[in-house]
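The sequence lines fix the lettering, A, B, ..., with proteins before strands; numbering per chain opens at 1.
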Amino acid sequence: MGRGSGSGRPTFFARVFVLVSRIPRGRVTTYGAIARALGTPRAARSVGWALSLAPQEDALPCHRVVDRNGFLSGGWHWGHPDVMAGLLRDEDVPFLDPYRVDLAACLWLPDEDDFEPRLPV
DNA sequence: AACATGACGGTAG
DNA sequence: TCTACCGCCATGT
């Protein structure tokens, strides 16, 4: 109820929030990856805008969303990028630089949920 | 209906 | 590899 979904079909923002809520702890994804998963590959900017308006009460892990290069482009939303970096470090997310995570090691793609592993890891 | 906004992405130099 | 530009999109006025 408070995600702009009052008129029936979920809005773009609402779908973004659902996806973000599924990002596993210790992993991160990108604005573009979310946009592609929603069927609008060119709407990366809109994804970022949606996150900037994410309701606090939803307690979404928006710190797990970075840009295509792993940089914490939304870091200032917490007052200072150090706060976002701290949240990620607490989850043992690997960093390449103070404000850049190692995407090669922790990138999570929404599609992964569609590939159910046949064997338990 | 047009214009401005904003936590992006791809490409060229 | 880094910077500058330009193109894309959903919303609110």
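Of the two residues contacting DNA chain C, namely A/Arg45 and A/Trp49, the nearest-nucleotide position lying further toward the 5' end is that of A/Arg45. With DNA chain C read from its 5' end, the first of the two nearest nucleotides for A/Arg42 and A/Arg100 is the one closest to A/Arg100. When each of A/Gly74 and A/Arg36 is assigned the nucleotide of DNA chain B bearing its nearest heavy atom, the one mapping closer to the 5' terminus is A/Gly74.
When rounded to the nearest whole Å, the span between CH2 of A/Trp76 and P of B/dC8 equals 14 Å. Taking atom CZ of A/Phe12 as the reference point, atom C1' of B/dC8 lies 11 Å away to the nearest angstrom. Atom CD1 in A/Ile34 sits roughly 15 Å away from atom C1' in B/dG6 (whole-Å rounding). In this entry the distance linking NE2 of A/His77 with C1' of B/dG6 reads 13 Å, nearest Å. In this structure, CG of A/Asn69 is placed 9 Å from C1' of B/dG9, rounded to the nearest angstrom. Nucleotide B/dA7 holds its C1' atom 15 Å from the CG atom of A/Leu87, rounded to whole Å. Spacing between atom CZ of A/Arg15 and atom C1' of C/dT11 amounts to 13 Å, rounded to whole angstrom units. What separates CG of A/Asp67 from P of C/dT3 is a distance of 13 Å, to the nearest Å.
Clustering ILVMFWY residues whenever any of their side-chain heavy atoms sit less than 4.5 angstrom apart, transitively, puts A/Val65 in a cluster other than the one holding A/Val93. Linking ILVMFWY side-chain heavy atoms closer than 4.5 Å, directly or via other members, places A/Leu107 and A/Leu72 in a single hydrophobic cluster. Under a hydrophobic clustering in which Ile, Leu, Val, Met, Phe, Trp and Tyr are joined whenever their side-chain heavy atoms come within less than 4.5 Å, directly or via other members, A/Ile34 and A/Leu109 fall into different clusters.
Nucleotides B/dA7 and C/dT13, compared at atom C1', are 22 Å apart to the nearest Å.
Between A/Phe13 and A/Trp49, the ring planes are perpendicular. Angles over 60° get that label, and only those under 30° would be called parallel.
Counting only heavy atoms from C-beta on, A/Arg68 has its side chain closest to B/dG10 among C/dA10, B/dA7, B/dG10.
Contact check, A/Thr40 against C/dC9: no side-chain N or O comes under 4.0 Å of OP1 or OP2.
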| Residues A/Glu91, A/Arg64; criterion salt bridge (Lys or Arg N to Asp or Glu O under 4.0 Å); working and verdict | CA-CA 10 Å; A/Glu91 302 182 0; A/Arg64 295 174 190 156; 2.8 Å; yes
